[in-house]
Amino acid sequence: MRQPTLSAGLPAGPNPSETFVGSLFFYPVVALLICESVVWSCNKTVGRKIGWMLFTLFAMLLQFGIILVILRAILVTAIGYAQ
C-alpha cells in the first residue's frame, strides 16, 4: 500500500522560468560587486577596507549557499513527485 504524502491532493504550482532560476545565481554576484565598490570608495584605512570586503564576501557566500540549499530542496521535491 502506498503511503500518503503531505502534499497529496494539492495542485502543483507553475514551474519557474529558466531566466528566474538563472538570475538567482547572478544577484549575489552583482550585490557583491556593488558592496565591494562602496567599501573601497569610503575613507577608511586599507586594513579596514580589506576587513569589510572579506566580511561582505563571507556574507554573500552564505546567501549563495542558502540559495543552493533552497534549489536543492526544490529539485529533490520535484524529482520525488516524478517517481
Side-chain angles (χ1 to χ4, degrees):
M1 182 171 179
R2 207 172 147 188
Q3 294 289 333
T5 60
L6 182 63
S7 62
L10 295 177
N15 293 333
S17 68
E18 292 178 13
T19 306
F20 174 72
V21 174
S23 69
L24 291 176
F25 291 97
F26 291 113
Y27 286 142
V29 173
V30 172
L32 179 64
L33 292 175
I34 291 171
C35 290
E36 298 296 334
S37 66
V38 168
V39 166
W40 202 253
S41 68
C42 69
N43 293 329
K44 301 282 185 194
T45 63
V46 175
R48 285 190 182 222
K49 287 179 184 180
I50 292 172
W52 277 111
M53 288 176 68
L54 290 175
F55 174 75
T56 304
L57 177 65
F58 290 133
M60 299 306 278
L61 288 174
L62 176 67
Q63 291 178 0
F64 190 70
I66 291 170
I67 290 172
L68 287 178
V69 168
I70 291 170
L71 286 177
R72 181 188 176 277
I74 291 170
L75 289 173
V76 167
T77 303
I79 292 170
Y81 285 135
Q83 295 178 353

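From a predicted model like this one, the values you see are computed outputs, not experimental measurements. What's counted below: heavy atoms across the whole structure, side chains too, no hydrogens, waters or symmetry copies.
With sequence neighbours excluded, the residues satisfying side-chain contact (heavy atoms from CB on, under 4.5 Å) with F55 are W52. S17 meets the side-chain contact (heavy atoms from CB on, under 4.5 Å) test with T19, F20; sequence neighbours excluded. Not counting sequence neighbours, the partners of L62 by the side-chain contact (heavy atoms from CB on, under 4.5 Å) test are I66.
Annotation for K49 and K44: closest pair CE-O, 3.3 Å, computed over non-hydrogen atoms. The two atoms that bring W40 and M53 nearest to each other are CE3-SD, 3.4 Å, heavy atoms only.
Linking Ile, Leu, Val, Met, Phe, Trp and Tyr residues whenever their side-chain heavy atoms come within less than 4.5 Å places F64 and I70 in a single cluster. Connection of L61 to I50 is established within a shared hydrophobic cluster, with ILVMFWY side chains joined at heavy-atom distances below 4.5 Å, either directly or through further cluster members. Residues F26 and L57 fall into different hydrophobic clusters, defined by Ile, Leu, Val, Met, Phe, Trp and Tyr side chains chained together at heavy-atom separations under 4.5 Å. No continuous path of ILVMFWY side-chain contacts below 4.5 Å connects V69 to I67, so the two sit in separate hydrophobic clusters.
Distance CG/L68 to CG/L75: 10.5 Å, rounded to 0.5 Å.
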